[in-house]
Amino acid sequence: MSEMSITDYLAQGGVLTSPGNVPARYRAELMRLMATFVDSALAGAAGFADIVNQGPGIKERIAASKIVLEKTDNADKVLSIMGEFGANTERYANHHPWTDRLARDADIGTSRTDTDMRLAVFNYPLEGWSDAVVMNLLMGLAVGVQMGEFTRVSYAPLADAFRTIAPVEARHAELAAEGIARLQETGTDTAALQSSVDYWWPRVAASFGKDVSTRASQLQAFGLRHSSNAEQREEWEAAAATSLKKLGLSAP
């Protein structure tokens with residue numbers, strides 16, 4: 001089967017099941033997708049790990065520790081698939097300082113590097129427990145939208161992995177909403193929580209990428225994307241606004 005016929009097959013909704021029949025350009029985009037998820041999960045887990053002991057109670061610290069463990073495990077699930085394509089899984093987790101963060105007031109838009117494919121939002125530092133919980137809610141809802149795409153990718157083993165990961169990530173967003181509610185019950189100032197919402201909202205929004213993408217049509221032809229960046233961001237904005245309203249907070 002020629003590469004062109006495989007491309008036509010994918011454009012018509014076909015799926016691939018092993019590295020052996022993956023065209024070169026498809027492989028490059030698939031690896032990019034997986035690296036972005038793995039790097040973001042590892043960086044997110046590392047950042048949240050630093051905040052665990054700031055939890056106001058034992059239950060909060062247990063929940064945070066569980067999130068760190070599960071995000072790392074989710075990264076490992078996808079990393080194992082990258083290993084089937086030749087990625088060095090043994091050194092991968094140590095090839096970059098995942099706890100590195102920029103200044104709080106930095107503005108890097110959607111920038112990433114070839115050596116660290118984490119979404120830009122994971123380059124910003126958390127400022128205390130309540131800020132971390134707000135970020136986890138907004139980003140958790142964004143991951144939920146992204147999972148709607150990831151569970152339908154045309155590389156079947158990866159889609160299967162994401163179907164296992166999706167409910168775990170959904171629970172992380174639920175835990176964040178519960179965490180915010182508990183903070184409010186124990187006297188955390190709503191204005192402080194809203195300030196964190198205002199800070200993280202545009203940074204999480206940027207994780208969906210630019211509205212005009214030169215790679216979008218190629219990704220759709222490969223069956224690695226089904227909706228546009230703008231459509232995903234709008235879905236997240238609606239879900240996040242609804243969730244915040246229930247907590248007495250609002251979208252900027």
Side-chain angles (χ1 to χ4, degrees), residues 37 39-76 93 97-106 118-147 165-207 236-252:
F37 178 82
D39 290 9
S40 296
L42 291 174
F48 211 53
D50 285 346
I51 220 82
V52 168
N53 287 327
Q54 295 185 38
I58 294 296
K59 288 185 178 179
E60 287 86 352
R61 295 183 188 193
I62 290 172
S65 298
K66 185 180 181 188
I67 287 172
V68 171
L69 171 65
E70 291 176 344
K71 285 191 179 298
T72 306
D73 184 56
N74 290 343
D76 185 58
W98 301 112
T99 56
D100 277 7
R101 295 295 186 271
L102 301 172
R104 181 83 170 177
D105 60 355
R118 75 175 81 178
L119 293 170
V121 66
F122 292 110
N123 284 290
Y124 298 102
L126 301 170
E127 284 197 342
W129 178 259
S130 63
D131 188 64
V133 175
V134 169
M135 188 276 187
N136 203 40
L137 173 64
L138 295 179
M139 194 62 215
L141 293 170
V143 171
V145 172
Q146 291 163 351
M147 283 295 152
I165 290 168
V168 178
E169 291 288 347
R171 180 56 182 153
H172 293 173
E174 293 171 359
L175 287 170
E178 293 168 10
I180 292 173
R182 281 197 296 274
L183 285 170
Q184 292 172 320
E185 290 167 3
T186 54
T188 298
D189 184 14
T190 298
L193 293 169
Q194 185 63 52
S195 178
S196 288
V197 170
D198 295 344
Y199 176 82
W200 287 110
W201 183 277
R203 290 163 176 80
V204 174
S207 67
W236 167 75
E237 287 173 345
T242 298
S243 184
L244 290 171
K245 185 176 181 180
K246 291 177 182 177
L247 295 163
L249 301 167
S250 62

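The side-chain heavy atoms of Arg182 and Pro56, taken from C-beta on, include no pair separated by under 4.5 Å. In this structure the side chain of Leu175 never reaches within 4.5 angstrom of the side chain of Asn136, judged on heavy atoms. The side-chain heavy atoms of Pro252 and Val197, taken from C-beta on, include a pair separated by under 4.5 Å. Looking only at side-chain heavy atoms (C-beta outward), Leu119 and Met139 come within less than 4.5 Å of each other. Taking the side chain as every heavy atom from C-beta outward, Leu247 and Leu193 never approach each other to under 4.5 Å. Between Glu169 and Lys71, some side-chain heavy-atom pair lies under the 4.5 Å cut-off.
Taking both residues in full, the closest heavy atoms of Ala173 and Leu137 are given as O-CD1, 3.6 Å, listed atom of the first, atom of the second, then distance. Among all heavy-atom pairs drawn from Val68 and Thr72, the shortest one is O-OG1, 2.8 Å. In this structure, Ala241 and Ala251 approach most closely via the heavy-atom pair CB-CB, 4.3 Å. Residues Met135 and Val121 share a closest heavy-atom pair of CE-CG2, 4.0 Å.
Side chain of Ser40 to backbone of Phe37: no donor-acceptor contact under 3.5 angstrom is found. Panel note: side chain Arg101, backbone Phe122; a donor-acceptor pair is recorded below 3.5 Å. Glu60 places a side-chain N or O within 3.5 Å of a backbone atom of Gly57 that can act as its donor or acceptor partner. For Arg118 (side chain) and Asp39 (main-chain N/O), no donor-acceptor pair under 3.5 Å exists by modelled atom type. Side-chain N or O atoms of Ser243 include none that pairs as donor or acceptor with a backbone N or O of Ala239 at under 3.5 Å. Within the 3.5 Å criterion, the main-chain N or O of Leu138 finds no donor-acceptor partner in the side chain of Trp201. Judged by distance alone, with hydrogens and angles left aside, the side-chain atoms of Ser195 form no donor-acceptor pair with the main-chain N or O of Ala191 at under 3.5 Å.
Of the inter-residue distances, the one linking Leu183 atom CG with Asp189 atom CG reads 11.5 Å to the nearest 0.5 angstrom. If you take CG on Asp198 and CZ on Arg203, they are separated by 10.5 Å, rounding to the nearest 0.5 Å.
For the residue pair Glu70 / Asn74, no side-chain donor-acceptor distance below 3.5 Å is found, with atom types taken as modelled.
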Donor-acceptor pairs under 3.5 Å, side chain of residues 126-134 to any protein atom, not counting sequence neighbours: which ones?
| unit_1 | atom_1 | unit_2 | atom_2 | d |
| --- | --- | --- | --- | --- |
| Asp131 | OD1 | Arg104 | NH2 | 2.9 |
| Asp131 | OD1 | Ser196 | OG | 2.8 |
| Asp131 | OD1 | Trp200 | NE1 | 3.0 |
| Asp131 | OD2 | Arg104 | NH1 | 2.9 |
| Asp131 | OD2 | Arg104 | NH2 | 3.4 |
| Asp131 | OD2 | Glu127 | N | 2.9 |
| Asp131 | OD2 | Trp200 | NE1 | 3.2 |

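Glu178 pairs in a salt bridge (charged side-chain N to carboxylate O under 4.0 Å, His left out) with only one of the listed residues (Arg171, Lys59, Lys246), which is Arg171.
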